[in-house]
Amino acid sequence: MANIALITGATSGIGEACAKLLAAQQYNLILTGRREDRLEKLAADLNNGYNVEVAIAAFDVRNREDVVKNLDSLPPHWKNVDVLINNAGLSQGLDPINAGSYEDWDTMIDTNVKGLLYVSKVVTNWMIHNRGGQVINIGSIAGKEVYPNGNVYCASKHAVDALTKGMRIDLLNHGIRVTSVNPGAVETEFSEVRFKGDKARAKKVYEGFEPLIAKDIADTIWFVISRPAHVNINDITVMPTAQASATLFNRN
Ligand code: NDP
Ligand code: 8X3
């Protein structure tokens with residue numbers, strides 16, 4: 001039987017690239033995100049292109065009831081998930097702590113931390129029942145360092161780092177591998193979302209150096225997944241060659 005991966009935030013960027021790569025590796029996929037039209041198109045493309053089965057579930061990871069309802073209502077055979085990629089996440093704003101917006105803070109914490117927890121609770125219970133599996137949490141260089149005005153986003157990714165370590169401990173006796181993949185600057189819709197649709201400001205983030213692309217992170221994730229069953233990559237940080245820290249870039 002084909003392996004199954006569940007990817008959150010598959011409508012764009014890193015999640016979408018993971019979906020394409022895993023379909024090429026003949027994984028059947030459960031793809032989630034809020035934008036159902038994108039999920040439908042991606043599912044059709046992957047089903048046609050790679051002849052894999054794709055289930056979609058459109059929900060907001062911040063809504064605990066919706067997370068549980070959507071995942072619980074998947075047909076039983078879809079619950080044999082081998083790999084969970086907790087990728088859905090975002091940053092909102094880039095303001096000093098005294099000027100930050102309550103709404104932005106809630107959005108980041110509710111999505112990056114609480115959303116990841118809601119999905120993980122459901123899916124790790126399936127994995128425990130199935131006697132194994134693998135969880136890959138998408139952290140960030142922002143989960144390793146704190147940079148000016150990054151405050152709450154950095155805190156949310158530090159929380160992902162701590163939760164990855166906690167999951168590895170708590171799931172040890174269930175044979176579940178747990179990894180954190182921490183990217184530096186990847187050119188996706190991330191900065192457009194951070195700057196609330198300001199494309200010009202978003203573009204500037206990646207000017208003067210070669211950023212990572214989403215496929216670079218998907219390739220890294222595939223490396224993690226494809227290790228032999230007795231090997232767990234705990235933590236991996238992937239940066240553009242032109243980036244030495246969260247804020248230090250070699251720009252032309
Ligand atoms: P994108 O904006 O391209 O993708 C983000 C994905 O998350 C989308 O599919 C979006 O789907 C989903 N998402 C966001 N909020 C929610 C929500 N409330 N409920 C469900 N899904 C949600 O950005 P990236 O691909 O770059 O980001 C993916 C992950 O990588 C994030 O966790 C981000 O923090 C992390 N990261 C990104 C870096 C970068 O430089 N790009 C660097 C380090 C980490 P939809 O809007 O359809 O719901
Ligand atoms: C995204 C990368 O450096 O903008 O997590 O925080 S950064």
Side-chain angles (χ1 to χ4, degrees), residues 2-10 13-19 21-23 25 27-33 55 57 59 61-62 64 67-68 70-72 74 77-90 109-144 156-183 214 217-238:
N3 287 320
I4 297 176
L6 190 160
I7 305 170
T8 66
I14 295 168
E16 183 180 356
C18 288
L21 190 147
L22 289 177
Q25 294 291 342
Y27 272 64
N28 289 336
L29 299 170
I30 304 166
L31 304 179
T32 81
F59 58 84
V61 293
R62 291 173 295 177
R64 189 171 66 204
V67 171
V68 173
N70 274 278
L71 295 179
D72 274 355
L74 285 164
H77 74 277
W78 278 111
K79 294 179 181 167
N80 297 315
V81 168
D82 298 284
V83 180
L84 165 63
I85 304 179
N86 274 318
N87 164 75
L90 80 181
I109 292 169
D110 289 352
T111 308
N112 300 354
V113 184
K114 292 165 72 180
L116 180 146
L117 282 169
Y118 300 155
V119 172
S120 297
K121 178 163 172 159
V122 174
V123 179
T124 57
N125 273 303
W126 297 345
M127 288 177 174
I128 289 169
H129 181 261
N130 299 333
R131 299 177 189 280
Q134 182 165 26
V135 179
I136 299 172
N137 293 330
I138 306 303
S140 171
I141 187 63
K144 304 288 181 184
S156 76
K157 288 298 184 178
H158 275 69
V160 172
D161 195 46
L163 290 171
T164 303
K165 291 171 183 153
M167 284 185 193
R168 194 177 305 120
I169 294 165
D170 295 347
L171 300 172
L172 175 68
N173 292 340
H174 299 286
I176 296 173
R177 299 193 281 176
V178 184
T179 299
S180 172
V181 174
N182 309 298
I217 303 305
D219 287 341
T220 305
I221 289 169
W222 177 244
F223 174 78
V224 170
I225 293 172
S226 59
R227 292 313 83 209
H230 70 287
V231 178
N232 186 61
I233 308 289
N234 284 358
D235 186 275
I236 188 161
T237 300
V238 189

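None of these values were measured; they are calculated from a predicted model.
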Spacing of [atom1] belonging to [X] relative to [atom2] belonging to [Y], to within rounding of 0.5 Å:
X	Y	atom1	atom2	answer
Leu6	Leu22	CG	CG	11.5 Å
Ile221	Ile233	CD1	CD1	12.5 Å
Asn137	Asn86	CG	CG	4.5 Å
Leu29	Asn3	CG	CG	10.5 Å
Ile85	Leu31	CD1	CG	10.0 Å
Leu84	Ile30	CG	CD1	9.5 Å

Within the structure provided, determine whether [X] and [Y] are in side-chain contact (heavy-atom separation under 4.5 Å).
X	Y	answer
Ile7	Tyr27	no
Leu171	Met127	no
Val160	Asn182	no
Leu71	Tyr118	no

Do [X] side-chain atoms and [Y] backbone N/O form a donor-acceptor pair below 3.5 Å?
X	Y	result
Asp82	Ile4	yes
Lys79	Asp72	yes
Arg177	Ile225	yes
His158	Ala142	yes
Asn87	Thr8	yes

Under 6.0 Å from the [atom1] atom of [X], do we count more than 12 heavy atoms belonging to anything else shown?
X	atom1	result
His129	NE2	no
Lys144	NZ	yes
Arg64	CZ	no

Atom of [X], atom of [Y] and distance for their closest heavy-atom approach:
X	Y	value
Thr164	Thr179	CG2-C, 3.7 Å
Ala2	Asn28	CB-ND2, 3.6 Å
Trp78	Val81	O-CG2, 3.4 Å
Ile217	Ile14	CG2-CG2, 3.8 Å
Pro183	Gly139	CD-O, 3.6 Å

I'd like to know if Asp161 pairs up with Lys157 as an ion pair, taking the criterion as any Lys NZ or Arg NE/NH1/NH2 lying under 4.0 Å from an Asp or Glu carboxylate oxygen. no
Test item: side-chain donor near acceptor, Asn232 and Asn234, under 3.5 Å: yes
Could you walk me through whether Lys165 and Asp235 pass the side-chain contact (heavy atoms from CB on, under 4.5 Å) check? CA-CA 9 Å; Lys165 291 171 183 153; Asp235 186 275; 5.7 Å; no
